Amino acid sequence: MSSQISPHVRVRFAPSPTGYLHVGGARTALYNYLFAKKNNGKFILRIEDTDEARSTQESLQGVVDDMVWLGLKWDEGVDPITLQDVGPFGPYRQSERLSIYKEIVEQLLNSGKAYYCFLTDQEIEKQREESAAAGHFAHVNSPYQDWTLEQAKVKLAAGEKAVVRFKTRELKKDYIFNDQVRGEVKFPSDMVGDFVVLRSGGMPVYNFCCAIDDHLMKITHVFRAEEHLPNTLRQLMIYEAMGWQAPEFGHMALILDEDRQKLSKRKGAVACGQLKQEGYLPSAILNFIALLGWSHPEEKEILSVEEMIQAFDISRLNLSGAIFDRVKFKWMNAQHLRATPNKELWNLVQPFLARENMELPQDPAWQEMSVSVFKTSMETLVDAIELYKPLNDKSYVVLPEADETLKWEPTKAVLSAWRDLVKAHPSDYMTEAEFLKIQDEVKNITGAKGKNLFMPIRVAVIGKPHGTELKTLVPLIKKSSLVQRAEMALALA
RNA sequence: GUUCCCAUCGUCUAGGGGCCUAGGACACCUCCCUUUCACGGAGGAUACAGGGGUUCGAAUCCCCUUGGGAACGCCA
């Protein structure tokens, strides 16, 4: 459904700081980001914190940190460190834009397009029950819609609490708009009732702020999740009431959980921060979520952000929801892991190893060699922990799975020959070639070959008969440690 | 209940009337590589929800049915 892209594209991601950033939000941010970059436009981060009860500073910081970690840099919005406004259309936090909203509410009130409503929760509840009893759904029907502003002000002056509702009665028509991803979408005006625009506590409501801000911040395209599709009607009504031109809207299919339901924070949606802890790379997350609802024109699957920007096109967005499949996600992370240069990969792995208090050599050459050895065995950074454990002197133990190998007839001889030859080795570490030579000598001395040769040695190195190739592993372990391990294994054989 | 959205392998998807006895990827199975495990390579099995149209021709266009989802808040 591509149409003319306006020359100065401005898009925004507008999270509410009421929790963590989950993959659904991250994907919305990503698509907006890609669209902005692709079209040389601006990407704005606006904070929708009009829910005073649930919005917190910690959540805001968390969301901002996750965005930074993912590499989704914004051009305008809050500063990632100070959270102060950056950009010419601030404030970017809705809680700081109250005076702007109030002024618009006044305009609506004065022009009779909105009214004060004094209905109590109980009265609204009663209306609901009655319509439910009648077997149908009905919107709030406020008797105050016909009051004059003067009448309402008298009641207000008497200290009564009121919300401001947007008047929809006179808007009897279908609202049609051309959704950038779905094509023409039509909503009957009576799909909504007189919706609240300003809460009794003085805080305006999402659908109102959103429309105002998108207009004032000169947003050209609003790409958001499909759950917002019905909200578009209200926003369209506000644009109309204000005589403003609405931006282009585009509603993207949802990311679903295994039950095919919308991912929800309540049910433990996949949080970006959580994925970070689990050892996923930002590039893999971005790559994977991008492909949940969008595809590369050549069906390429492993993509860098740069490649995504190049290829991004909203006409390739998918219309139906996609399940977040952790298995494929893990595979994709492994692909990104393997594509990461050794030095960089070590830097990524290191914090995970540090958490386990492992004592590993500080030598950069050793570090790079070690990641290159384990690279193909890792799917997530967390996997490095188990992989590196055998390299850590303190954690060598002969595992139960080695029992059978230890019982084999040639094992004892192999272990003892191995120990002696390693002991006789002149330097702290041995090279791959030196290891191969020693292994050969063990073979000659004992006559053991095949698994009778390899498995006992592997047990003497990592405590189990299966695992990483010995010739790449042994050069990573200090001679003294190898000897000590061989002794330990020998004691059990 | 009402309104709206959606519908290709188990999952992510390609597909824009003939190139489709439907292609790729993950997972699964077999084999190869490898004196282990992984990596890698080669094969295999598995899908157009159903029914009506339109058309010489339909996975593709239209309608209905069914199924799934979302929304209907002083949440966003």
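Hydrogens, waters and symmetry mates play no part in the numbers below; they use all other heavy atoms, side chains included. Throughout, protein chains are lettered first and strands after them, A, B, ... in sequence-line order, and every chain is numbered starting at 1. Model, not experiment: these values are computed from the prediction.
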(request) Report, as a single string ordered 5' to 3', how protein heavy atoms within less than 4.0 Å touch nucleotides 71-76 of chain B: B base, S sugar-phosphate only, - not at all. (result) SBSBBB
(request) Summarise protein proximity over nucleotides 5-14 of chain B in one line of letters, 5' to 3': B for base, S for sugar-phosphate only, - for none, counting protein heavy atoms closer than 4.0 Å. (result) BSS---SBSS
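On the C1' atoms, B:C29 is 15 Å away from B:G10, given to the nearest whole Å. Rounded to whole Å, the C1' atom of B:G17 lies 9 Å from the corresponding atom of B:U55. Nucleotides B:U8 and B:A47, compared at atom C1', are 6 Å apart to the nearest Å. The same atom, C1', is picked in B:C33 and in B:G43; the two are 15 Å apart, to the nearest Å. For the P atoms, the distance from B:U13 to B:C9 is 11 Å, rounded to whole Å. Rounded to the nearest Å, the gap between the C1' atom of B:G73 and that of B:U65 is 34 Å. When the P atom is used for both B:C28 and B:U35, the distance is 25 Å, rounded to whole Å. Taking atom C1' on both B:U66 and B:C37, the two are 49 Å apart, rounded to the nearest angstrom.
With hydrogens and angles left out, the side-chain atoms of A:T232 and A:R224 include a donor and acceptor closer than 3.5 Å. Counting only N and O atoms by type, the side chains of A:D213 and A:Q94 include a donor and acceptor under 3.5 Å apart. One side chain, A:T120 or A:E123, offers a donor N or O that lies under 3.5 Å from an acceptor on the other. Inspection of the A:R316 and A:S295 side chains reveals an N or O donor paired with an N or O acceptor under 3.5 Å.
Here the side chains of A:V105 and A:V197 are in contact, with some heavy-atom distance below 4.5 Å. With contacts defined as side-chain heavy-atom distances shorter than 4.5 Å, the pair A:I314/A:H221 does not qualify. With contacts defined as side-chain heavy-atom distances shorter than 4.5 Å, the pair A:F187/A:L236 does not qualify.
Checking B:C37 for Watson-Crick or G-U wobble geometry (two distances, each under 3.5 Å) identifies no partner in any strand. Across all strands shown, the partner of B:C72 is B:G1, judged by Watson-Crick or G-U wobble contacts whose two distances both fall under 3.5 Å. If you check B:C26 for Watson-Crick or wobble pairing at under 3.5 angstrom, you find it paired to B:G10.
Note: A:Y206 and A:H228 have tilted aromatic rings, judged against thresholds of 30 and 60 degrees for the angle between ring planes. Taking the six-membered ring where the residue is Trp, A:Y388 and A:F374 present perpendicular rings, their angle passing 60° and hence far from 30°.
The only member of A:W74, A:Y33, A:F223 that meets ring-ring contact (aromatic ring centres under 6.0 Å, His included) when paired with A:F43 is A:Y33.
In this structure, A:R458 places its CZ atom 8 Å from P of B:U36, rounding to the nearest Å. What separates CZ of A:F187 from P of B:C4 is a distance of 8 Å, to the nearest Å. As rounded to whole Å, 15 Å separates atom P of B:C4 from atom CG of A:L236. Atoms CZ (A:F454) and P (B:U36) sit 8 Å apart, rounded to a whole Å. Rounded to whole Å, the distance from NZ on A:K471 to C1' on B:C37 is 14 Å. Taking atom CD1 on A:I176 and atom P on B:C4, their separation rounds to 12 Å, with Å as the unit. If you take CE of A:M252 and C1' of B:G69, they are 16 Å apart, rounded to a whole angstrom. Note: CD (A:E298) to C1' (B:G23) measures 15 Å, nearest angstrom.
In textbook terms, a nucleotide whose glycosidic angle is within 90° of 0 is syn, while B:C5, being further out, is anti.
Here A:P465 lies in heavy-atom contact (under 4.0 Å) with a base.
The backbone N or O of A:T168 lies less than 3.5 Å from a partner atom in the side chain of A:D194, making a donor-acceptor pair.
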